[in-house]
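Have a look at the structure below, then the notes.
Atoms considered below: every heavy atom in the structure, side chains included; atoms not considered: hydrogens, waters and symmetry mates.
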Amino acid sequence: MKMILFRKFRVLILMVFLIACSMHIMIDLLPKLERRSNAACSCPHRPSEEPQNWGKHRPRSGPDSGWPNKHTLRILQDFSNEPSSNLSSHSLEKITAAGDKTEALKRLEHFAQNSEGKKQFIGDANRSKNVPVKGSRLSALYEHHLYKRPLPTLTDEDTLFNVNTDIRFDPKASENQEWHTQGKEGEYTQNGELSADAYPNWLRFHIGINRYELYSRHNPVIDAMLKDLVSQRITSVAMKSGGTQLKLIMTFQNYGQALFKPMKQTREQETPPDFFYFSDFERHNAEIAAYHLDRILDFRRVPPVAGRLVNMTKEIRDVTRDKKLWRTFFISPANNVCFYGECSYYCSTEHALCGKPDQIEGSLAAFLPDLALAKRKTWRNPWRRSYHKRKKAEWEVDPDYCEEVKQTPPYDSGTRLLDIIDMTIFDFLMGNMDRHHYETFEKFGNETFIIHLDNGRGFGKHSHDEVSILVPLSQCCRVKKSTHLRLQLLAKEEYKLSTLMEESLLQDRLAPILIRPHLDAMDRRLRLVLQVLSDCIEKEGYANVVEDDLSEPQQTAAAAAAPLAPATHRR
């Protein structure tokens, strides 16, 4: 009797399993069945109202017109519903609400106590075409009117932190006299508090973050912080958790922190043609070059990065409290100091990082504010790749994929989609295919810029232009006017992108950062971007492609909050 009941129970479990599998398969097949059924329907499924915003410039065609299908909505609707959401790309470990906020505040307190036509091109009335610029071309670029646009008036809601409100610093309480000697006369307010100008550069960088930019165009704090990254004494080192490759978190004497990516390949080594983008090594020089490119494009969405030559013995092994890291140090047969740490894939003696004999290059990227003080939201990139050797992502097989994205929050209003296009252009110029997620500051909601983190897989191939990176631009045919004009400016001989990058990168301690073929590749790719935009304008019209963001700042901010209407059919 018991055996009969047991067999019936097994049959019941098997039936439940088969039913669940069948339902799962039906759900996956439903979008395809809907497309086939809609293909036989001659009705246009037009929205009841004519679109009132820029969604109308790309009417859809074919059977996939109308609202996104269920399969796509599952992919698009909640990009932040990931295990890594609200986790720092630069964090040592996961944040747990109240307790970690206290720890973050303690760290700051500890520091305080211890221390317009179809093809419009730029016309500069004061300069004729192809006239060489005397002196620094980079300085001339930053003096151009496109790099002097004012921001909207900032309110408390537009700044990440309000100075001297929630967090105050009292250096008089410090027991560390070394910190006291750094203060200068006149740096204290009448009530004895340290003035904001006397804060360390990393904290002044954090205070300057607002809704519209990670840092201002001509902020002297940024250059000062770049110097700190290469000169401040390293007081502790720990491995960053997660990731396929080893990265270290370094803490400095002034309590600032940075993410260290050690040198794994020389500047001349190209990614082998048979390598997949997700199996390539990260490059320290790519992180440095990405920061400079981002600044030249005037996006200012990459945290400051500087190159540094680190003594592996004195500045890593001797100061780390991470026993797992310390145990991986060894002396190679060539008598060089090596270590390999712990990570998902490339942390073994076969992939050890070795100095000459104990000196190693690396990039140091300044930390963003602690997540306990300024939470960030992690979003899946709508055009993320499949990260599979055979499968393709939906955007690779659906030419009208952008229309579905534009009908899905937060891409149906504001400037988020246009910011994605900016990031697309930025990645294409670098050849970076590894843009699976991006982040925003939670305080600013959806009306803010996106942060360009983790750029180490850029500048891998100078002999190949990966045009699939440009798919968001070619599918959506949208771009900000400011971005379009700056790209045209950087294509001119007097403001040539490769020349500006070369000059900018010479400021780094590890210069030269890029070899000449990579610099030339950026000029070639810039021409390709402008050609795609030219084709879009030819097809859609200038007004339907180029979004005017050069109006008065207050008007631009108001327009950014306006919703985008769903697109009609493509004629």
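Checked for salt-bridge contact, Glu547 and Arg478 meet the test: a charged N lies under 4.0 Å from a carboxylate O. Under 4.0 Å is where a charged nitrogen must lie from a carboxylate oxygen, and between Glu282 and Lys261 at least one such pair does.
Side chain of Asn210 to main chain of Glu213: a donor-acceptor pair is present (N/O by atom type, distance under 3.5 Å, no hydrogens or angles). Counting only distance, with no hydrogens or angles, the side chain of Asn285 and the backbone of Ile513 share a donor-acceptor pair below 3.5 Å. A donor-acceptor pair under 3.5 Å is absent between the side-chain atoms of Glu442 and the main chain of Lys375, judged by distance alone. With Asp370 contributing its side chain and Ala372 its backbone, the two residues share a donor-acceptor pair below 3.5 Å. No side-chain donor-acceptor contact under 3.5 Å links Ser413 to the backbone of Pro409.
A distance of 6.0 Å or more separates the ring centres of His206 and Phe161.
Taking CZ of Phe444 as the reference point, atom CD of Glu157 lies at 9.0 Å (rounded to 0.5 Å). Note that OG of Ser482 is 12.0 Å distant from CG of Leu489, once rounded to the nearest 0.5 Å.
Taking both residues in full, the closest heavy atoms of Phe428 and Leu528 are given as CZ-CD1, 3.8 Å, listed atom of the first, atom of the second, then distance. In terms of heavy atoms, Leu297 sits closest to Arg486 at O-NE, 2.8 Å.
Of the residues listed (Arg301, Arg295, Arg300), the one engaging Asp298 in a salt bridge (Lys or Arg N to Asp or Glu O under 4.0 Å) is Arg300, and it is the only one. A salt bridge (Lys or Arg N to Asp or Glu O under 4.0 Å) with Asp427 is found for one member of Arg435, Arg457, Arg385, Arg384 and no other, namely Arg435.
Listed by first and then second residue, the disulfide bond (SG atoms under 2.5 Å apart) pairs involving residues 440-471 amount to none (not counting sequence neighbours).
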